**Q** 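Provided herewith is a single structure, encoded as structure tokens, for subsequent inquiry.
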Number of protein chains: 2
Amino acid sequence: MKIDPTSSADLSVQIAQSIKAAIINGDLIVDQRLPSESELADQFQVSRPTVREALKRLAAQSLIRTQRGATGGAFVNRLSFEDAYAQQVTTSTLLLSMNEVSFQTACEARYALERACAPLSVLRRNADQLATMRSEIFRQGQPDLSDEAFCASDVTFHRALVDAAANPVLSYQLAGAVEAMQPLMNMITFSARDRARIVALHSQIVEAIDQRDGTAATDGLQALETETLNLAQKVFETRSAKT
Amino acid sequence: MKIDPTSSADLSVQIAQSIKAAIINGDLIVDQRLPSESELADQFQVSRPTVREALKRLAAQSLIRTQRGATGGAFVNRLSFEDAYAQQVTTSTLLLSMNEVSFQTACEARYALERACAPLSVLRRNADQLATMRSEIFRQGQPDLSDEAFCASDVTFHRALVDAAANPVLSYQLAGAVEAMQPLMNMITFSARDRARIVALHSQIVEAIDQRDGTAATDGLQALETETLNLAQKVFETRSAKT
DNA sequence: CGTTTTTATTTGTCTGACATTTAAAAGTCT
DNA sequence: AGACTTTTAAATGTCAGACAAATAAAAACG
């Protein structure tokens with residue numbers, strides 16, 4: 001682990017990169033303790049605050065965790081699926097909100113990915129996931145549900161659909177795509193008739209998955225994408241007509 | 001933006017969370033300048049090093065960028081697709097390497113996602129992307145190519161396939177799935193016959209995309225998944241037989 | 001008016017110190 | 001001897017103040 005003092009980059013950045021490379025490269029393995037901050041400061045020939053800033057950078061990426069006390073220190077962190085989910089969701093959300101990604105583009109990506117899950121979900125779904133989907137459908141049918149709660153329920157429904165594929169890598173990849181859409185969906189107001197159509201499609205999808213009918217599930221998702229796009233277009237037309 | 005001094009969490013973590021929430025919430029917009037470190041230290045009633053550690057955490061997530069000098073400071077950063085790609089790739093890579101994800105699971109997720117792209121790629125592919133895929137196929141046919149270079153070319157091929165869908169959100173989501181597989185693929189040694197089969201499937205896929213035949217493209221990807229799994233199984237059997 | 005120099009501001013880094021947490025070691029009582 | 005309590009040492013967390021370096025605006029100068 002070396003750094004280049006002649007480089008223009010900040011020292012703390014270089015140190016963070018150096019340690020990160022060691023982790024990715026396998027020189028530092030999970031749960032291994034890094035040298036103490038003072039020792040790292042000596043090794044890299046910098047002061048302790050500089051080392052600390054580097055460690056904070058790594059901690060922000062869940063690459064290390066720190067522990068205080070006598071046997072404390074910085075440890076290489078096992079990146080859990082939960083950590084990765086969370087990162088994925090915030091990154092995706094910011095990406096969409098900051099880059100003027102059209103609703104259409106985001107929607108297309110999301111449903112393309114979900115359709116990729118469907119054949120696996122059909123094969124592997126368990127009773128829990130079917131029950132979750134059905135109970136969310138029931139909730140979505142309640143007339144006094146707010147639009148926001150409706151969207152939240154929608155997210156839960158689709159997460160169950162994705163988790164039914166029983167592939168944690170897929171679930172991780174899709175967490176962002178599904179949850180990042182929520183702020184965009186929240187801009188839509190759903191009429192009772194809109195909701196009824198969506199609930200009907202949800203029912204169709206869950207029955208297809210129950211019956212292990214992959215084609216019907218995919219078709220249902222396709223119809224849901226079309227429906228969602230139509231709804232969004234209606235909203236945007238109304239909005240532009242007002243201005 | 002407030003923090004809770006009675007909380008057990010570290011101050012720098014709380015400050016980072018507070019600023020992060022302000023960005024996600026829209027209170028701080030892209031390119032807006034944050035108060036200087038000294039001002040933030042006053043506002044949060046902490047010392048400057050503590051503020052700095054908080055800012056480094058945010059910088060590590062590409063949420064802010066810093067600039068030195070008279071008009072410098074910390075600015076809310078527009079999270080670019082490039083930044084997000086890079087984060088996605090390293091997160092996915094670490095996730096796979098640290099969690100004993102089976103080759104099968106990773107492979108299944110990757111090809112499921114790629115098949116989701118195929119129908120869109122068929123519709124939107126341009127000449128550049130077809131040319132890239134064909135030139136990578138040519139390279140993969142060179143007998144003196146190392147296994148590592150073969151895998152790298154494979155990644156380039158598949159990225160072109162994904163980019164052909166012309167959906168940046170999809171490309172971002174898939175960057176991780178495709179590139180994170182590379183270290184796993186690198187464990188495989190490809191015989192000349194293995195390579196020939198893969199190249200043949202790649203050719204089939206690119207022709208299908210050229211001909212706008214979505215079904216053939218999907219079938220080709222399915223066959224490639226099967227082929228890849230067979231190869232991996234062969235490697236693992238050989239390896240366990242040796243021990 | 002254009003160029004150069006100065007200056008003020010801000011981040012980057014250093015030094016040294018103290019506070020807090022934590023587990024192990026030492027001590028004490030039964 | 002064993003269980004409980006106290007002490008201690010090591011590590012991170014935080015603070016204060018200082019200087020270095022970069023940078024753009026302001027001032028000085030030709």
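Lettering of chains follows the sequences in order, A, B, ..., and the numbering in each one begins at 1. For clarity, every value in this text was computed on a predicted model and none was experimentally measured.
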**Q** Which residues satisfy the side-chain contact (heavy atoms from CB on, under 4.5 Å) test with A:I29, sequence neighbours excluded?
**A**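 By the side-chain contact (heavy atoms from CB on, under 4.5 Å) rule, A:I29 matches A:Q32.
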**Q** Under the rule for salt bridge (charged side-chain N to carboxylate O under 4.0 Å, His left out), what residues qualify as partners of A:E37, not counting sequence neighbours?
**A** A:R48, A:R52
**Q** I'd like the 5' and 3' limits of the part of DNA chain C contacted by chain A, with heavy-atom contacts below 4.0 Å.
**A**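 On DNA chain C, the outermost contacted nucleotides are C:dG12 to C:dA23.
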**Q** Go through the structure and list residues passing salt bridge (charged side-chain N to carboxylate O under 4.0 Å, His left out) with A:D31, not counting sequence neighbours.
**A**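 Per chain and number, A:D31 pairs via salt bridge (charged side-chain N to carboxylate O under 4.0 Å, His left out) with A:R65.
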**Q** What pairs with B:D128 under salt bridge (charged side-chain N to carboxylate O under 4.0 Å, His left out), at least two apart in sequence or on another chain?
**A**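 Scan of B:D128 (salt bridge (charged side-chain N to carboxylate O under 4.0 Å, His left out), adjacent residues dropped) gives none.
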**Q** Tell me, please, which residues at least two apart from A:F157 pass ring pair (Phe, Tyr, Trp, His ring centres under 6.0 Å).
**A** A:H202
**Q** For A:L11 and D:dA21, give me the distance from atom CG to atom P, rounded to whole Å.
**A**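 Value for this atom pair: 12 Å.
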**Q** Taking side-chain contact (heavy atoms from CB on, under 4.5 Å) as the test, write out the residues that go with B:T156, two or more places apart.
**A**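 Residues passing side-chain contact (heavy atoms from CB on, under 4.5 Å) with B:T156: B:T132, B:E136.
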**Q** Taking the basic N atoms (NZ, or NE/NH1/NH2) and the acidic carboxylate oxygens, is any pair closer than 4.0 Å for B:E108 and A:R124?
**A**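 Salt bridge flag = yes for A:R124 with B:E108.
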**Q** Output all residues satisfying ring pair (Phe, Tyr, Trp, His ring centres under 6.0 Å) with B:F150, sequence neighbours left out; order by chain, then residue number.
**A** B:F190
**Q** Quick one: is D:dA11 close enough that its OP1 or OP2 comes under 4.0 Å of any side-chain N or O from A:T66?
**A** no
**Q** Can you list the residues that meet the side-chain contact (heavy atoms from CB on, under 4.5 Å) rule with B:A106, with sequence neighbours excluded?
**A**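 Partners of B:A106 by the side-chain contact (heavy atoms from CB on, under 4.5 Å) criterion, ordered by chain and then number, come out as B:L96, B:V101, B:M181, B:L184.
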**Q** Restricting both atoms to N or O, compile the protein contacts to nucleotides 23-28 of chain D shorter than 3.5 Å, with distance only.
**A**
{"from": "D:dT23", "atom 1": "O2", "to": "B:A70", "atom 2": "N", "distance (Å)": "2.9"}

**Q** I need the CG-C1' distance between B:D10 and D:dT12, as an integer number of Å.
**A**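 That distance rounds to 9 Å.
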**Q** Quick one: salt bridge (charged side-chain N to carboxylate O under 4.0 Å, His left out) partners of B:R110, sequence neighbours excluded?
**A** B:E114, B:D154
**Q** Got a sec? Which of residues 48-65 of chain A come in under 4.0 Å of DNA chain C, heavy atoms?
**A** A:R48, A:P49, A:T50
